[in-house]
Amino acid sequence: DTAMAGRRASAEPYPKEGKMNRHAVLPTIRDAELATPSEHATQRLGGKVGGVRREAIGPQIVAFMDMRELSSYPTTAVPIDETLFSVSPKEIAFQNFIPLQEYTMSVVFRNTDTVPRRLQVLQSTSPYFEVTGPDAGGIKIASGMDLVYKVIFRPDEARDYEDELVCLTEREKFVVKIRAVGLRAVLDLPDSVNFGVCPVKYSSTKVLLVRNIGDAPARFEADCDGPFSITPTKGEVATGGSIQLVCNFDPSLLGVHSGSMVVKYDTGEAVRVQMTGSAEDLLVKIDKKAINADSTCITHASQKTFKIHNSSDVMVKFCWKAAATAEEEEQMVARRTQEIDACEETELDEFTQLLANDPLQRTQAAVLARTYATMRQTAEDASYAYTDDVFRIEPAMGEIWPHTTAEITIIFAPKAATSYTRNVYCDVTGRETRLPLKLRGEGLGPSLEFRPTLVDMGRVFVGSTHIFEIVARNVSNIDAPFTYVENAASAHSGRVLTVSPKEGVVAPGEHQAFSVVFTSDALGAIDDVIALDVVGAAENTF
């Protein structure tokens, strides 16, 4: 009968691993993803947390045997990815143990095939685990029958232990995991943190009060990806204690964002918290798209105002920028860094030549390297806020409370008599793109008008001297410093034109009389020009 066959078979030596079929295909085992906090708590505390329980790892086939050499039943009804014997429990786990005590757990093996099959369980090599059961040489079990082994655990301290129960059948070699979990810290983190809808380019926060519900102090490190961050990034929580974790969501783009917060314990375990949030634009706008400054004289300044309206429910910060996007600022940093690198390379070449002639200059190399390192750091740290000596914006940065407005002043101080145009951008928290603003202005210089504008001297005799007077009036609102410009062509043609005074300043609305003395030694028509160089004027006055 089957029992007698089992007893006869137990005396036969079990085949060595040399009989394994090396060409068999083993089932693949995928790496498990990081557990959620509730799954981790379930596993560590041995109870159900939040309705989530992680399944234990079942028996794992590590090699196959050649059944034609080892069994009189070379075929089987059991699928190739399952073991001939089912194991209960699937994973041998010891928890809440006390050092220097002995703990025992039974492991039941059931023959799931339709014919008798042989099983051998090897003795553990660990000093902390012992396997007891039937004859170590192996025994045949009838179809559907059970065989019970006992695993004895003798810990010497409250820490983690791991081992494997190695089992041999006529078809495969498989292992059953043995785990002993010592004292553990368990932080009752949520499985997910949802920030909901938040302003873009604005730091939204959620505060988590996290307790250590385990039975050991919790030493952890936390890290987030995407637009999420956590404070503090590391800490220690006593058993039964708590800590506040501040989660931050700082999106730079509109739309739905997702990421993870990974919390790693000092024991090597880690859990993953899902982070989600959505970013939208706030209702913040400038009441004008362009500012046309009044025409202003140089050395003077004019101003105009406009408003930034914050119609949202949060306080926003603003700053005026010269670049339309952050990408343009990065390009500006890259260009500035390239310029610094080129200058450093040039100076290094010069220094190398100097060093060849004077080895004592070697100490200056470190000074040169530090200088350019500081310049690079300054370029990278620059805020690239808008600055200009013609159009000044006040305030250059600030805060706007909810449902209020900020009045901004544009001060136009032209440096020359010309037209000015600037494009500036307001970088506002709560807005994905910067708000554009065009600035225009016309600079006015001093202006002198001659009276008369044309002097007809009629017929003039050669060698005679003619004296006449012209008057210049300052028709602008600023002083007009002037200098008489000699006409070199007149001197070469034999004509002498003397103007007095040759320089001076005409106050606004005032007049300046000029005495003009004309002498000619040459015949012919006379066509001369009296020119004044007026400082700051768009062109010379004639």
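Please read these numbers as outputs of a predicted model, since none were measured by experiment.
For T337 (side chain) and V333 (main-chain N/O), a donor-acceptor pair under 3.5 Å exists by modelled atom type. Of the possible polar contacts, one joining the H403 side chain to the S312 backbone as a donor-acceptor pair under 3.5 Å is found. Here the side chain of T429 pairs a donor or acceptor atom with the backbone of K317 at under 3.5 angstrom.
The pair K321-E328 does not meet the salt-bridge criterion, since no charged nitrogen lies less than 4.0 angstrom from a carboxylate oxygen.
In this structure, E432 and L253 have side chains that are in contact, with non-hydrogen atoms separated by less than 4.5 Å. No side-chain heavy atom of Y425 sits less than 4.5 Å from a side-chain heavy atom of D427. With a 4.5 Å cut-off on side-chain heavy atoms, D81 and I61 do not count as touching. With a 4.5 Å cut-off on side-chain heavy atoms, L187 and Y265 count as touching. Within the 4.5 Å cutoff, side-chain heavy atoms of C247 are placed close to those of L208. Within the 4.5 Å cutoff, the side chain of F129 has heavy atoms near those of the I178 side chain. Contact of the V256 side chain with the S278 side chain is registered, since non-hydrogen atoms from C-beta on lie closer than 4.5 Å. Between M105 and F94 the shortest side-chain heavy-atom distance falls below 4.5 Å.
Side-chain N/O atoms of T36 and S38 include a donor and acceptor closer than 3.5 Å. Side-chain N/O atoms of E172 and T169 include a donor and acceptor closer than 3.5 Å. Using a 3.5 Å distance cut-off with no hydrogens or angles, the side chains of R117 and S71 do pair a donor with an acceptor. A side-chain donor-acceptor contact under 3.5 Å links N194 and T276.
Interatomic distance, I393 CD1 to Y386 OH, rounded to the nearest 0.5 Å: 5.5 Å. Of the inter-residue distances, the one linking M261 atom CE with D225 atom CG reads 11.0 Å to the nearest 0.5 angstrom. Note that OG1 of T76 is 9.5 Å distant from CD of E170, once rounded to the nearest 0.5 Å. Within the model, atoms NZ of K307 and CD1 of I408 stand 11.0 Å from one another, a figure rounded to the nearest 0.5 Å. For the atom pair D281 CG and Y202 OH, the distance stands at 15.0 Å (nearest 0.5 Å). The OG atom of S204 sits 7.0 Å away from atom CZ of F249, with the distance rounded to the nearest 0.5 Å.
For R154, the CZ atom is densely surrounded, since the number of other residues' heavy atoms within 6.0 Å is greater than 12. For E394, the CD atom counts as densely surrounded, since its 6.0 Å shell holds more than 12 non-hydrogen atoms of other residues, nucleotides or ligands.
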Go through the steps to decide whether Y149 and L165 satisfy the test side-chain contact (heavy atoms from CB on, under 4.5 Å), and finish with yes or no. CA-CA 11 Å; Y149 284 83; L165 201 60; 5.7 Å; no
Derivation of the side-chain contact (heavy atoms from CB on, under 4.5 Å) call for V78 and R171: CA-CA 10 Å; V78 180; R171 189 182 71 174; 3.9 Å; yes
Decide side-chain contact (heavy atoms from CB on, under 4.5 Å) for V107 and V87; before the verdict, give the C-alpha distance in whole Å, the side-chain angles of both, and the deciding distance to 0.1 Å. CA-CA 7 Å; V107 185; V87 184; 3.7 Å; yes
Walk me through it: do E130 and Q123 pass the test side-chain contact (heavy atoms from CB on, under 4.5 Å)? CA-CA 7 Å; E130 180 184 352; Q123 184 60 251; 3.9 Å; yes
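When all heavy atoms are compared, the tightest approach of G259 to F228 is N-CE1, 3.6 Å. Pairing each heavy atom of H40 with each of A185, the nearest pair is CE1-O, 3.8 Å. Contact between M275 and C224 at its shortest, heavy atoms only, is CE-SG, 4.5 Å. Of all heavy-atom pairs between P232 and I243, the closest is CG-CD1, 4.3 Å. Nearest approach of D113 to N111, heavy atoms of both residues: N-OD1, 2.9 Å. Shown here for T132 and I152, the closest heavy-atom pair between the two residues is CG2-CD1, 3.9 Å.
Classified by interplanar angle (parallel below 30°, tilted 30° to 60°, perpendicular above 60°), the ring pair Y103/F97 is perpendicular.
Aromatic ring centres of Y128 and Y161 lie closer together than 6.0 Å.
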Could you tabulate the donor-acceptor pairs under 3.5 Å formed by side-chain atoms of residues 210-223, not counting sequence neighbours?
{"residue": "R211", "atom": "NE", "partner": "D188", "partner atom": "OD2", "Å": "3.4"}
{"residue": "R211", "atom": "NH2", "partner": "D188", "partner atom": "OD2", "Å": "3.4"}
{"residue": "N212", "atom": "OD1", "partner": "V186", "partner atom": "N", "Å": "3.2"}
{"residue": "N212", "atom": "OD1", "partner": "G214", "partner atom": "N", "Å": "3.1"}
{"residue": "N212", "atom": "ND2", "partner": "A216", "partner atom": "O", "Å": "2.8"}
{"residue": "N212", "atom": "ND2", "partner": "V237", "partner atom": "O", "Å": "3.2"}
{"residue": "N212", "atom": "ND2", "partner": "A238", "partner atom": "O", "Å": "3.4"}
{"residue": "D215", "atom": "OD1", "partner": "R184", "partner atom": "N", "Å": "2.6"}
{"residue": "R219", "atom": "NE", "partner": "D266", "partner atom": "OD2", "Å": "2.8"}
{"residue": "R219", "atom": "NH1", "partner": "E236", "partner atom": "OE2", "Å": "3.2"}
{"residue": "R219", "atom": "NH2", "partner": "D266", "partner atom": "OD2", "Å": "3.3"}

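For the side chain to side chain donor-acceptor pair (under 3.5 Å) with K177, the qualifying choice from Q60, E164, E162 is E164, the only one to do so. Looking at V284, T405, L283, V428 one by one, the single match for side chain to side chain contact (heavy atoms under 4.5 Å, CB included) with N310 turns out to be V284.
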